[in-house]
Amino acid sequence: MRWTQTFIPTMKESPEGAEIPSHKLMIRAGLIQQVMAGAYTYLPLGLRSLKKAERIVREEMDKAGAVELLMPALSPISLWEKTGRVSAFGNVLINFKVNRAGKQVHLALGPTHEEVITDLVSRHISSYRQMPITLYQVQNKFRNEERPRFGVLRTSEFLMKDAYSFDTNVESLGRSYDAMYDAYCKIFTRAGLKYLAVEAESGPIGGDASHEFMVVAENGEDVVVHCEESGYAANLERAETGPRGLEPFAGEPQGVKKVPTPEASSIEAVSKMLKCKPSDMIKTLIYMADDKPIAVLIRGDHEANENKVRRAVGASAVELAPADVINKVTGAPVGFAGPIGMQEEIPIWADFDVRAMGNMVTGANEGDMHYTGVNLGRDFSVPDDHFADLRNVEDGDPAPEGKGTLSLRHAIEVGHVFKLGTKYSEALGAKFLDDQEKQHPIIMGCYGIGVNRIIASLVETSHDDFGIIWPMSLAPYELLITPLNVKSEEVMKVANGLYDDLRAAGVEVLMDDRDQRPGFKFKDADLIGIPLRVVVGERGLKEGQLEIKWRTESDANMIPLEGAVAKLAGMVEEARA
RNA sequence: CGGGGUGUGGCGCAGCCUGGCUAGCGCGUCUGGUUUGGGACCAGAAGGUCGCAGGUUCGAAUCCUGUCACCCCGACCA
């Protein structure tokens, strides 16, 4: 493609709204243009990269045995009512009514496609002989995000590859899942992304049933927990700590004192008022565990993890208790709960760290009052088997498997694989007969990749002060020819020849044939980040030479014009990997 | 949904507090010329309902009210 014949609106400055590198660079390099919050046009250059990401995804899905189809974005709201996801999605589900032949039809724009595909499968698959099968599509999804942000990283319309597996038993699901997991690893590797496959919350199937594929990036919205030494990686919801090696409290125990703390209902306010450290305080959280109240004690500077609480308690659902329940159970308004002298006897659970605390500050179960000098065992007790890992991992915690320490990092979620089980097949009647003529719900898995995020996270993690640094696999063009002086007949003769011959050799070539000064073109070349740059200049031509430079390197090299096409095509070929 | 911020030619901004000449600057665009190895220079030109609506005033980009949009932090996120 010749630059003058396509549409690459590069910019020297980034627009006011853009803050993070990927957003700024994608706009400046002329990849995208915002239409509204959370909706972007892909300009020719951006579209080429997006298509390349799509192609990698398709190739690996096909290799893994998945079969492509295409479902519509539109679907009847009734399908979403059957699975209860109208309310589960709430405001996120974009839905509306249209008039058809005098009747109102209620439609939804698909935020994902479990309903539509399960409905499809329920109509055509009824025998164990038809499985396993994995179906996938690459299609636009719609989610009314409460707050779209970070350019193309979080949008209300986005391109997703979603795959769904259908199996007759859990072992077979495991194989389908592993095939997708492996395909994902290949996809992200080919895309040049440095990713982590992290354990995620597993849901109904339990066990090792969900992984998120995360690209570590400062501006990522998610937090992953990673241990370099052991390779352990999990998301914050899921991550566990190893044995914490806590020493029991060795200080001199003080007496319990009740002190007034007017209006101070937060850890921060109380610690300021009483001049104590948050790590000497106890957070007493009242949860509803399957509708029964329990108290959970967490060190003041830590954060409770509801999933861990749920697992420790053995409940199927856990949520923070509403204010009226807290009043009733503790006898105090929210913010003054403590383990000593609650109104009602309820089970008390505590995080491991509480064991090592002494002379603690806790709520006094009375408005505007706290206790100081509280000690475990003497003033309140927690049964041994009620101590557990109940909090979020903190940076520097010991890793599980007894080796190394955990660090927290921000990351961008680019993919998710998940063992669904029978939730949708049961709700939508997708059943099959086994070889014993017994009917069962089909066992499903779902596998998503945010295609736009492949591009955005690549740019986010692969750039320098001058612009984007594309890997060959995602670059909008593989090679850029920069004729320095388009008015020179000799230069253009060579440049045009190279252009034609390289294209004939199967290289994706962009030629900057604009009548601009060299410096101007070099800046744009760095900005759009084409991997290999070939400069055709009068100076080099005098020696029969061309200048070539990789975007990743700072120095250029001269190669003879003679045989340059074969050499360049070979270099590109090799870098495609 | 809570908190904060911003809307002024295509892009980046100044002017607003303290109302008053023809709304200004840089980049970009167009014309002519000189240039040509890291975002050139000179001369000239085009391009604006100052987000929108209402109000105050002799007079509003500027003050007031409402509204819309966008951005950031937080909450939410199958």
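To find a chain, count down the sequence lines: A is the first, B the second, and so on, and within it residues start at 1.
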Margin query: In this structure, how many angstroms lie between the P atom of C72(B) and the CD atom of Glu146(A), rounded?
Written below: 15 Å
Item checked: Whether Tyr195(A) side chain and Gly415(A) backbone form a donor-acceptor pair below 3.5 Å -> no
Notebook entry, point to check: Please give, in whole Å, the distance from G37(B) C1' to Ile481(A) CD1?
Noted result: 18 Å
Notebook entry, point to check: With no hydrogens and no angle check, do the side chains of Glu157(A) and Thr155(A) hold a donor and an acceptor under 3.5 Å apart?
Noted result: no
Next item on the list: Return the nucleotide paired to A60(B): Watson-Crick means purine N1 to pyrimidine N3 with N6-O4 or O6-N4, wobble means G-U with N1-O2 and O6-N3, both under 3.5 Å.
Entry: none
Check: Hey, are the side chains of Leu479(A) and Pro531(A) touching, using non-hydrogen atoms and a 4.5 Å cut-off?
Finding: no
Note to self: So Tyr40(A) and His23(A), do their side chains get closer than 4.5 Å, heavy atoms only?
What the structure shows: yes
Notebook entry, point to check: In terms of side-chain heavy atoms, does Ser165(A) have a donor or acceptor partner in Tyr447(A) at a distance below 3.5 Å?
Noted result: yes
Notebook entry, point to check: In terms of side-chain geometry, is the basic nitrogen of Lys308(A) or Asp351(A) positioned less than 4.0 Å from the acidic oxygen of its partner?
Noted result: no
Note to self: Just so I know, are the side chains of Leu120(A) and Met71(A) near enough to count as touching, which here means a heavy-atom distance under 4.5 Å?
What the structure shows: no
Check: Looking across every strand, which nucleic acid part, if any, lies under 4.0 Å from Glu19(A) by heavy atom: base, sugar-phosphate, or nothing?
Finding: sugar-phosphate
Margin query: Within residues 511-526 of chain A, which residues have any heavy atom lying less than 4.0 Å from an atom of RNA chain B?
Written below: Arg517(A), Pro518(A), Gly519(A), Phe520(A), Phe522(A), Lys523(A), Asp524(A), Asp526(A)
Margin query: Please classify the nucleic acid contact of Gln34(A) as base, sugar-phosphate, or nothing, using heavy-atom distances under 4.0 Å.
Written below: sugar-phosphate
Item checked: Separation of C76(B) C1' from Glu413(A) CD (nearest whole Å) -> 15 Å
Notebook entry, point to check: Across the strands shown, which category fits Phe150(A) at heavy-atom distances under 4.0 angstrom: base, sugar-phosphate, nothing?
Noted result: sugar-phosphate
Checklist line | Nearest-Å distance once atom C1' is located in both G33(B) and A69(B) | finding: 44 Å
Checklist line | Residue closer to the 5' end of RNA chain B, Met36(A) versus Lys549(A) (nearest nucleotide) | finding: Lys549(A)
Margin query: For nucleotides 42-47 of chain B, give me one character per nucleotide, 5' to 3': B if any protein heavy atom sits under 4.0 Å from the base, S if the only such contacts are to the sugar-phosphate, - if neither.
Written below: ------
Next item on the list: Would you mind pulling out the nucleotide paired to U49(B), Watson-Crick or G-U wobble, both distances under 3.5 Å?
Entry: none
Next item on the list: Send over the distance from Glu145(A) CD to C1(B) P, rounded to a whole Å.
Entry: 15 Å
Item checked: Distance-only donor-acceptor check, side chains Asp524(A) and Thr10(A), under 3.5 Å -> yes
Next item on the list: Would you kindly check if the NZ (Lys) or CZ (Arg) of Arg453(A) is within the cone defined by 45 degrees around the ring axis of Phe158(A) and under 6.0 Å from the six-membered ring centre?
Entry: no
Checklist line | Pairs flagged by side-chain hydrogen bond (donor to acceptor under 3.5 Å, both in side chains) wherever residues 534-546 of chain A is involved - sequence neighbours left out | finding: Ser488(A)-Glu538(A)
Note to self: Please name the nucleotide paired to U31(B) by Watson-Crick or G-U wobble geometry with both distances under 3.5 Å, or report none.
What the structure shows: A43(B)
Item checked: Leu43(A) CG - C11(B) C1' separation (whole Å) -> 15 Å
Next item on the list: Could you state the atom-to-atom distance from CD of Glu13(A) to P of C11(B) in whole Å?
Entry: 12 Å
Check: Quantified in whole Å, what is the C1' atom distance between nucleotide G24(B) and nucleotide G48(B)?
Finding: 12 Å
Margin query: On the side chain of Arg28(A), is there an atom forming a donor-acceptor pair with the base of G28(B) - under 3.5 Å, no angle test?
Written below: no
Next item on the list: Using a 4.0 Å heavy-atom cut-off across all strands, classify Ala88(A) as base, sugar-phosphate, or nothing.
Entry: nothing
Margin query: If I pick the C1' atom on C50(B) and the same atom on G4(B), what distance separates them, to the nearest angstrom?
Written below: 24 Å
Notebook entry, point to check: What is the base-pairing partner of A69(B), counting Watson-Crick and G-U wobble geometry with both distances under 3.5 Å?
Noted result: U6(B)
Next item on the list: Determine the interatomic distance between P on C25(B) and the same-named atom on C64(B); round to the nearest Å.
Entry: 28 Å
Margin query: Does Arg85(A) qualify as a cation-pi partner of Trp80(A), given the criterion of NZ or CZ under 6.0 Å from the six-membered ring centre and within 45 degrees of its axis?
Written below: no
Checklist line | Nearest-Å distance once atom C1' is located in both G12(B) and G7(B) | finding: 14 Å
Notebook entry, point to check: How many Å lie between CG on Leu484(A) and C1' on G39(B), as a whole number?
Noted result: 15 Å
Margin query: Judged by each residue's nearest nucleotide on RNA chain B, which is more toward the 5′ side, Ala37(A) or Pro15(A)?
Written below: Pro15(A)
Next item on the list: Tell which nucleotide pairs with G74(B), taking only Watson-Crick or G-U wobble pairs whose two distances are both under 3.5 angstrom.
Entry: C1(B)
Check: Taking atom P in both U6(B) and A75(B), what distance in whole Å separates the two?
Finding: 24 Å
Margin query: Taking any heavy-atom pair under 4.0 Å as a contact, classify Glu16(A): base, sugar-phosphate, or nothing.
Written below: sugar-phosphate
Checklist line | C1' spacing across the pair A46(B) / G9(B), given as an integer number of angstrom | finding: 10 Å
Check: How long is the line joining CG of Asn219(A) and P of C71(B), in whole Å?
Finding: 15 Å
Notebook entry, point to check: According to the interplanar angle, ranging from 0 to 90°, do the rings of Tyr184(A) and Phe188(A) count as parallel (below 30°), tilted (30 to 60°) or perpendicular (above 60°)?
Noted result: perpendicular
Next item on the list: Searching all strands shown, indicate the nucleotide that pairs with A14(B) (Watson-Crick or G-U wobble; both distances under 3.5 Å).
Entry: none
Notebook entry, point to check: For G38(B), what is the paired nucleotide under Watson-Crick or G-U wobble rules, both distances under 3.5 Å?
Noted result: none
Check: Quantified in whole Å, what is the P atom distance between nucleotide G5(B) and nucleotide U65(B)?
Finding: 15 Å
